[in-house]
Amino acid sequence: VGAGFGATAGVLCRGGEESWICLEPDPGLAAQIAEKIAAGSLPACCRVRIGTTAALTSWDQLDTALYIDVLEHIEDDRAELARMAALVQPGGHIAVMSPAHPFLFSRFDAAIGHFRRYTRATLTAPSRPCRGQGAQAGRHVEPSLVDGLADDDSGQSRHRGQGLQVFERRHSAGGDD
């Protein structure tokens, strides 16, 4: 999500994947990705899609979704991840890497389009302020980023690595996700 000009795909996509969707809302950046695919500098399994998760459908079932320095640019991150959770197959993953330490939120963050910085607690909390340290927005967003998602058998999310949170979609008890 937020594929930019394809740098993350260039590093992480090895070409053995069945499909790698580069979802990018900016048509100019999406065109750069398409050019890289056509030139062979990105693997042939890469496909570029112009738009956001709102444009994806249930036909776009994913096994993994990556948000690498993207989620903090999305004002309603809860709705964003809820849409993505509906698209990720049971047993699939959503990986988030984003700026940490809300106390460091600055005018620079705002100038480059950040709505917030995260801590592990604010990334996984059911409700939290929407921007910076909370005073700016004065509202909370629902549902939990991890509602129905976890990455271990305890149902609790775990921090993995520097700034990377991985969630696994689980089947609901009734089997209807």
Side-chain angles (χ1 to χ4, degrees), residues 1-101 104 106 108-118 120 123-124 145-146 148-152 157-171 177:
V1 177
F5 54 86
T8 298
V11 171
L12 298 179
C13 183
R14 301 288 181 220
E17 296 80 4
E18 181 179 320
S19 178
W20 185 288
I21 299 172
C22 299
L23 184 62
E24 174 52 50
D26 182 285
L29 291 174
Q32 289 182 40
I33 296 170
E35 290 170 9
K36 288 179 180 182
I37 296 168
S41 60
L42 284 176
C45 65
C46 290
R47 296 182 298 141
V48 65
R49 296 277 302 267
I50 300 172
T52 66
T53 54
L56 298 177
T57 69
S58 61
W59 291 102
D60 295 305
Q61 284 289 297
L62 309 170
D63 60 13
T64 303
L66 302 174
Y67 289 85
I68 308 297
D69 292 323
V70 171
L71 196 60
E72 66 277 5
H73 292 274
I74 300 171
E75 186 168 10
D76 193 348
D77 58 349
R78 304 272 179 203
E80 171 68 21
L81 287 177
R83 280 191 300 274
M84 184 54 75
L87 296 170
V88 172
Q89 301 166 4
H93 296 87
I94 297 173
V96 176
M97 186 173 82
S98 62
H101 308 300
L104 293 176
S106 67
F108 177 75
D109 284 286
I112 61 173
H114 290 181
F115 289 98
R116 74 200 59 78
R117 286 173 167 260
Y118 294 94
R120 180 173 24 166
L123 185 61
T124 60
L145 287 175
V146 295
L149 304 172
D151 72 0
D152 67 11
S157 60
R158 282 194 309 249
H159 184 68
R160 290 185 180 172
Q162 285 289 0
L164 184 63
Q165 187 78 30
V166 179
F167 304 103
E168 179 179 333
R169 182 159 188 229
R170 301 286 184 166
H171 289 282
D177 291 322

Point to revise | Leu81 and Ile74, any side-chain heavy atoms less than 4.5 Å apart | key: no

Practice item. Sorted by first residue and then second, give each salt bridge (Lys or Arg N to Asp or Glu O under 4.0 Å) pair with at least one member in residues 87-101; sequence neighbours left out. Key: none

Point to revise | Closest non-hydrogen atom pair between Arg117 and His101, with its separation | key: CD-O, 3.3 Å

**Study point:** Within-4.5 Å side-chain heavy-atom neighbours: Ile37 and Trp20
**Key:** no

Revision key, fill the gap. Taken in chain and number order and not counting sequence neighbours, the residues that satisfy side chain to side chain donor-acceptor pair (under 3.5 Å) with Thr53 are Glu80, Arg83

Point to revise | side chain to side chain donor-acceptor pair (under 3.5 Å) partners of residues 42-51, not counting sequence neighbours, each pair once | key: Ser19-Arg47, Arg49-Asp60

Exercise for review: Give the intermediate values and the outcome of side chain to side chain contact (heavy atoms under 4.5 Å, CB included) for residues Arg116 and Asp77.
Suggested key: CA-CA 10 Å; Arg116 74 200 59 78; Asp77 58 349; 3.5 Å; yes

Practice item. For Pro25 and Thr52, work out which heavy atoms get closest and say how close. Key: CB-CG2, 4.0 Å

Check your understanding: At their closest point, which heavy atom of Cys45 faces which heavy atom of Gly15, and how far apart are they?
Key -> SG-CA, 3.8 Å

Point to revise | Min side-chain heavy-atom separation Val88-His93 under 4.5 Å | key: no

Point to revise | Ala3 versus Ile33, closest heavy-atom pair with distance | key: CB-CD1, 3.6 Å

Study note, to complete from the structure: In short, Ala30 meets Ile50 closest at the heavy-atom pair CB-CG1, 3.5 Å

Practice item. Return each pair, listed once, that meets side chain to side chain donor-acceptor pair (under 3.5 Å) where at least one residue sits in residues 21-45; pairs must be two or more places apart or across chains. Key: none

Exercise for review: Output all residues satisfying side chain to side chain contact (heavy atoms under 4.5 Å, CB included) with Ala44, sequence neighbours left out; order by chain, then residue number.
Suggested key: none

Review point. Considering residues at least two apart in sequence or located in another chain, which fulfil the side chain to side chain donor-acceptor pair (under 3.5 Å) criterion with Thr64?
Key: none

Exercise for review: Rounded to the nearest 0.5 Å, what's the gap from OH on Tyr67 to OG1 on Thr8? Could you check?
Suggested key: 14.0 Å

Practice item. Any chance you could measure Ile68, atom CD1, to Met97, atom CE, to the nearest 0.5 Å? Key: 5.0 Å

Check your understanding: Any idea which heavy atoms bring Gln61 and Ala86 closest together, and the distance?
Key -> NE2-O, 3.5 Å

Exercise for review: Can you sort out the partners of Glu72 under salt bridge (charged side-chain N to carboxylate O under 4.0 Å, His left out), two or more places apart, ordered by chain and number?
Suggested key: none

Review point. Do Tyr118 and Val96 come within less than 4.5 Å of each other through their side chains, counting heavy atoms only?
Key: no

Practice item. May I ask you to test the Leu42-Val48 pair for a side-chain heavy-atom distance under 4.5 Å? Key: no

Point to revise | Atom pair SG (Cys13) and CG (Leu66), whose distance is rounded to the nearest 0.5 Å | key: 10.5 Å

